[in-house]
Amino acid sequence: MAELTGGIRQVTLPLPTRPGHVHAYLLPGDDGWIVVDTGVGLPDAKDRWREELDAAGGRVAAIFITHFHPDHIGAAADVHELTGAPVYQGTLDYAQCEMVWGNPAWSERLLEWFQLHGAPPDVTGELVGQSSIYRPFIRYQRDPVLMREGERLDGWELVAAPGHADGQLCLLKDGVLIAADHVLGRITPTVGLWPASRPDPLADFLAALDRTIELDPRVALPGHGDVIESPAVRARELQEHHRVRLEETVATLEDDRPQTGYELSLALFGRDLKPASRRFAVAETLSHLERLVNAGAARRHEDGGSVTYTPA
Ligand SMILES: [Zn+2]
């Protein structure tokens with residue numbers, strides 16, 4: 001555990017897949033710690049948290065979940081059982097959490113969705129199988145206290161940060177942004193289109209980065225990697241990254257040959273990805289394609305049980 005600015009503690013937890021770790025945070029509050037995110041619900045998660053909380057000392061007043069991805073929400077119920085503290089989570093984020101992790105039919109839905117976007121039958125099984133890997137390690141807390149952007153938790157303002165996850169919420173106080181996976185240092189947060197996600201997640205993300213630049217926090221404490229000393233500068237870099245990616249995406253479209261998101265992901269991300277990475281490559285390609293469609297630079301065609309794209 002590392003002590004950071006303003007008495008905030010950073011708890012780094014193991015992640016079995018890349019990038020190999022995730023950061024949770026302990027924020028000092030009037031009534032005790034606010035635990036932000038919990039790591040994956042690995043078999044020893046509770047023991048691990050017991051040690052971390054013993055080392056920090058004092059009581060836990062609240063558990064806040066930034067978004068429902070396994071590395072952030074996985075051990076929420078463990079930390080709740082350990083501390084008795086209420087779990088807080090965004091309204092939209094909890095709805096998506098239930099839709100994905102509380103729904104045994106989700107894998108089937110994902111399978112159909114990858115087929116619709118052109119993944120060949122021998123590949124879809126692998127893609128969906130990968131998404132189920134974390135399922136046994138997700139112990140989210142049912143019926144959390146639901147919160148919305150603009151509300152406060154012990155003096156911390158909730159800031160909407162859609163893009164990486166539609167309902168992701170960051171926390172802001174005294175120029176410190178608890179950034180979750182909204183801005184990361186060396187890693188580019190994935191922004192994908194998923195079944196039942198908002199229609200243009202990349203537009204949401206670019207606008208959320210505008211807001212970060214406007215808020216201009218002094219420092220951002222991310223879910224992965226190093227502390228970000230110039231969050232507004234990093235937000236601009238991420239916008240530039242996606243501007244370039246959008247250009248590359250539009251350049252890959254062909255007038256006379258409508259292509260699926262899967263096909264285009266092979267051109268944009270290469271052919272040699274493992275299924276786990278291909279899943280994100282397809283979702284990321286689609287978020288760029290939908291941005292281009294909404295900007296009038298590409299056209300979407302839906303026929304014959306598949307979705308394809310051409311230049312506008
Ligand atoms: Zn994460």
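We're numbering straight along the sequence, starting at 1.
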(message) Testing the basics here: between Leu202 and Ser287, what is the closest heavy-atom pair and its distance to 0.1 Å?
(response) CB-O, 3.9 Å
(request) Taking all non-hydrogen atoms of both residues into account, name the closest pair between Ala85 and His80 and its distance. (result) O-ND1, 2.7 Å
(message) Hydrophobic cluster membership, with links at side-chain heavy-atom distances under 4.5 Å among I/L/V/M/F/W/Y: are Val79 and Met147 in one?
(response) no
(message) I'd like to check Gln239 versus Leu206 (side-chain heavy atoms, cut-off strictly below 4.5 Å). Are they in contact?
(response) yes
(message) Please determine whether a side-chain nitrogen of the Lys or Arg among Glu98 and Arg142 lies less than 4.0 Å from a carboxylate oxygen of the Asp or Glu.
(response) yes
(message) Is there a continuous path of hydrophobic side-chain contacts, each under 4.5 Å between heavy atoms, that joins Ile65 to Val35?
(response) yes
(message) Can you confirm whether the side chains of Thr285 and Tyr262 place a donor and an acceptor under 3.5 Å from each other?
(response) no
(message) I'd like to check the salt bridge (Lys or Arg N to Asp or Glu O under 4.0 Å) partners of Arg271; sequence neighbours left out, ordered by chain and number.
(response) none
(request) State, yes or no, whether a side-chain contact exists between Leu169 and Gln89 at a heavy-atom distance under 4.5 Å. (result) no
(message) Measuring only between side-chain heavy atoms, which start at C-beta, is Arg278 closer than 4.5 Å to Leu266?
(response) yes
(request) Of all the heavy-atom pairs spanning Trp33 and Gly57, show the shortest one and how long it is. (result) NE1-O, 2.7 Å
(message) Quick test of your reading of the model: are Glu81 and Lys46 salt-bridged, counting only N-O distances below 4.0 Å?
(response) yes
(request) Salt-bridge test for Glu302 and Arg300: reply yes if a basic N is under 4.0 Å from a carboxylate O, no otherwise. (result) yes
(request) For residues 144-155, pull every pair meeting side chain to side chain donor-acceptor pair (under 3.5 Å), keeping only residues two or more places apart or in separate chains. (result) none
(request) Compute whether any side-chain donor of one residue and acceptor of the other, for Ser306 and His117, lie under 3.5 angstrom apart. (result) no
(message) For the residue pair Ser197 / Asp166, report whether a side-chain donor-acceptor contact shorter than 3.5 Å exists.
(response) no
(message) For His242 and Phe205, take the angle between the two ring planes, folded into 0 to 90°, and tell me which bin it lands in: parallel under 30, tilted 30 to 60, perpendicular over 60.
(response) perpendicular
(message) Are the side chains of Trp106 and Pro195 in contact, using a 4.5 Å heavy-atom criterion?
(response) yes
(request) Identify the heavy atoms of Arg291 and Ala203 that sit nearest to each other, and give their distance. (result) NE-CB, 3.4 Å
(message) Taking the ring of Trp101 and the ring of Tyr94, is the distance between their centroids below 6.0 Å?
(response) no
(message) Would you say that Pro70 contacts Leu15 through its side chain, given a criterion of any heavy-atom pair below 4.5 Å between the two side chains?
(response) no
(message) Quick check for you: to the nearest 0.5 Å, what is the distance between Asp93 atom CG and Ile73 atom CD1?
(response) 6.5 Å
(request) Taking all non-hydrogen atoms of both residues into account, name the closest pair between Ala76 and Val87 and its distance. (result) O-CG2, 4.4 Å
(request) Without swapping roles, check the side chain of His21 against the backbone of Gly225 for a donor-acceptor pair under 3.5 Å. (result) yes
(message) Out of the candidates Val36, Ile34, Val60, Leu53, only one should pair with Leu26 under the side chain to side chain contact (heavy atoms under 4.5 Å, CB included) rule; please name it.
(response) Leu53
(message) Are Val159 and Leu238 connected into the same hydrophobic cluster when the rule is that any two of I, L, V, M, F, W, Y join if their side-chain heavy atoms are below 4.5 Å apart?
(response) no
(request) Would you kindly confirm whether Phe68 and Tyr134 end up in one hydrophobic cluster when ILVMFWY residues are joined by side chain heavy atoms under 4.5 Å apart? (result) yes
(message) Check Arg236 with Glu240, please: is the shortest side-chain N to carboxylate O separation under 4.0 Å?
(response) no
(message) For the backbone of Ala161 and the side chain of Gln168, can you confirm whether one donor and one acceptor N or O come within less than 3.5 Å of each other?
(response) yes
(message) Tell me whether the rings of His67 and His69 are parallel (<30°), tilted (30 to 60°) or perpendicular (>60°).
(response) perpendicular
(message) Quick one, Phe114 and Val128 - any side-chain contact, counting heavy atoms below 4.5 Å?
(response) yes
(request) For the pair Glu112 and Arg109, find out whether any cationic side-chain nitrogen is under 4.0 Å from an anionic carboxylate oxygen. (result) no
(message) Is the distance between the ring centroids of His23 and His72 under 6.0 Å?
(response) no
(message) Just so I know, are the side chains of Pro222 and Ile228 near enough to count as touching, which here means a heavy-atom distance under 4.5 Å?
(response) yes
(message) Would you say Leu27 ends up clustered with Val145 if hydrophobic residues are merged whenever their side chains have heavy atoms under 4.5 Å apart, either directly or through other cluster members?
(response) yes
(message) I'd like to know if Arg257 and Glu263 make a salt bridge, using a cut-off of under 4.0 Å between side-chain N and carboxylate O.
(response) yes
(request) Of all the heavy-atom pairs spanning Leu13 and Ala24, show the shortest one and how long it is. (result) CD1-CB, 4.2 Å
(request) Give a yes or no answer on whether the side chain of Arg299 reaches the backbone of Thr310 with a donor-acceptor pair at less than 3.5 Å. (result) no
(request) Would you indicate whether Asp54, at its atom CG, is surrounded by more than 12 heavy atoms from other residues, nucleotides or ligands within a distance under 6.0 Å? (result) yes
(message) Is it true that, when you exclude Arg50 itself, more than 12 heavy atoms of the residues, nucleotides or ligands shown sit nearer than 6.0 Å to its CZ?
(response) yes
(message) I want to check something: taking the side chain as every heavy atom from C-beta on, are Glu290 and Tyr309 in contact at a cut-off of under 4.5 Å?
(response) yes
